[in-house]
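Some notes on the structure that comes next.
Here is how names work: the chains are called A, B, and so on, in the same order as the sequence lines, proteins then strands, and each is numbered from 1. All values below were derived from every heavy atom in this structure, side-chain atoms included, with hydrogens, water molecules and symmetry-related copies excluded.
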Protein chains: 2
Amino acid sequence: MAIKKNLSASSEDYLEAIYNLICRHKVARSKDIAESLGVSRASVTGALKSLNSKGLVDYKPYGFIGLTEKGTQQAESVVRRHNIIESFFVNVLGVEQRAAKQAACKAEHALGPYVISRLLSFTEFSTSYSKKGADITAEFNKYCRSKGV
Amino acid sequence: MAIKKNLSASSEDYLEAIYNLICRHKVARSKDIAESLGVSRASVTGALKSLNSKGLVDYKPYGFIGLTEKGTQQAESVVRRHNIIESFFVNVLGVEQRAAKQAACKAEHALGPYVISRLLSFTEFSTSYSKKGADITAEFNKYCRSKGV
DNA sequence: TAATATAGTTAGGCTCTCCTAACTTTGCAA
DNA sequence: TTGCAAAGTTAGGAGAGCCTAACTATATTA
């Protein structure tokens with residue numbers, strides 16, 4: 001059993017980018033990873049080597065870029081955190097989609113399982129509640145308007 | 001007018017630590033900064049030099065450590081973000097104080113003014129609402145229990 | 001006031017993450 | 001099939017932020 005070491009924010013970003021590219025385009029090309037993270041192609045090569053040595057990506061120079069089982073798990077964990085945070089921002093706070101995504105990209109590295117699980121529950125609670133009697137979102141918007149926020 | 005450059009998370013942490021020490025003990029000693037951030041004294045010296053060169057702290061070797069006007073503003077901005085996030089975690093999500101503080105320490109570097117302002121409003125809304133009819137916190141706790149979370 | 005303990009600094013080094021420039025490989029088009 | 005553009009890699013380097021070890025300054029106290 002490999003020792004579970006916490007990944008750096010940077011490594012998590014690479015895994016997330018690779019995961020999303022594979023989901024959307026079947027393959028993750030180095031150039032596209034660079035583009036989606038706003039870094040140089042050389043930086044991507046370096047990151048791939050590092051992730052490869054950690055057993056998180058399958059990668060040989062000039063070859064196919066894939067995620068290992070372990071890498072997929074880690075990537076899914078990041079993506080899950082991202083989605084929970086983004087969904088909270090959009091559906092509870094009423095933050096605009098684009099800003100929510102941006103903020104989630106940063107916050108996803110900062111929140112641990114405990115807070116994430118509460119956040120998820122709260123978003124579920126809030127949206128499920130809004131379907132029944134008290135519409136929390138609507139009430140919150142009313143509150144904001146009344147305060148001029 | 002100085003160019004407003006975003007500070008690194010590390011710099012923000014130092015400013016916050018200095019600010020809190022001055023609030024609590026009138027002075028910020030290098031040793032205490034090191035302790036409260038869990039870094040070496042040498043690292044503190046390095047950070048002080050860097051913050052000094054940015055005009056954020058008043059500092060001379062072996063001398064008094066103070067915050068400049070600009071430094072105080074920045075520190076207050078960080079502390080404010082921290083408090084808003086921590087308060088949301090505790091008072092809305094029902095996260096335990098210690099964990100909330102820890103998470104806020106990380107998240108404070110990740111959230112910008114827009115999201116922070118919505119978060120503040122939501123916490124205000126939630127707590128003010130809980131005093132009137134619908135106690136959101138209580139309802140959320142009920143919801144969590146019903147889901148076994 | 002002199003000795004010693006504590007606080008702070010300096011020097012040197014490490015890792016991480018990024019960069020540019022130059023080179024190699026690959027794949028497509030003529 | 002060759003020849004060129006695009007993609008990817010390598011080499012070399014920068015800077016942030018951290019460390020330890022050794023040194024210097026300050027403060028305490030006998």
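- The distance from the CG atom of A/Leu48 to the CG atom of A/Leu56 is 11.5 Å, given to the nearest 0.5 Å.
- Between the side chain of B/Tyr114 and the backbone N or O of A/Glu96, at least one donor-acceptor pair lies under 3.5 Å.
- Side chain of B/Thr68 to main chain of B/Asp58: no donor-acceptor pair is present (N/O by atom type, distance under 3.5 Å, no hydrogens or angles).
- With rounding to the nearest 0.5 angstrom, the CG atom of A/Asp32 is 11.5 Å from the CD1 atom of A/Ile22.
- Here salt bridge (charged side-chain N to carboxylate O under 4.0 Å, His left out) pairs that include residues 77-86 of chain B, with residues two or more places apart or in two chains, are B/Glu12-B/Arg81, B/Glu86-B/Lys101.
- Under 3.5 Å, the side chains of A/Ser8 and A/Ser11 contain a donor-acceptor pair of N or O atoms.
- Scanning residues 57-65 of chain A for heavy-atom distances under 4.0 Å to DNA chain D yields A/Tyr59, A/Pro61, A/Tyr62.
- Residues from residues 29-50 of chain B placing a heavy atom under 4.0 Å of any atom in DNA chain D, listed by number, are B/Gly38, B/Val39, B/Ser40, B/Ala42, B/Ser43.
- Between A/Phe122 and A/Phe125, the two ring planes are tilted [angle within 30° to 60°].
- A donor-acceptor pair shorter than 3.5 Å cannot be found between the side chains of B/Ser53 and B/Lys49.
- Heavy-atom contacts of chain A under 4.0 Å fall on DNA chain D between two terminal nucleotides, which in 5' to 3' order are D/dA7 to D/dT10.
- Within a heavy-atom distance below 4.0 Å of DNA chain D, no residue of residues 19-28 of chain B is found.
- The local environment of CD in B/Glu124 is crowded, with over 12 non-hydrogen atoms from other residues, nucleotides or ligands closer than 6.0 Å.
- A/Ser126 places no side-chain N or O within 3.5 Å of a backbone atom of A/Thr123 that could act as its donor or acceptor partner.
- The ring-ring contact (aromatic ring centres under 6.0 Å, His included) test applied to B/Phe88 returns A/Phe88, not counting sequence neighbours.
- Proximity of a side-chain donor or acceptor of B/Lys147 to a complementary backbone N or O of B/Lys142 within less than 3.5 Å is not detected.
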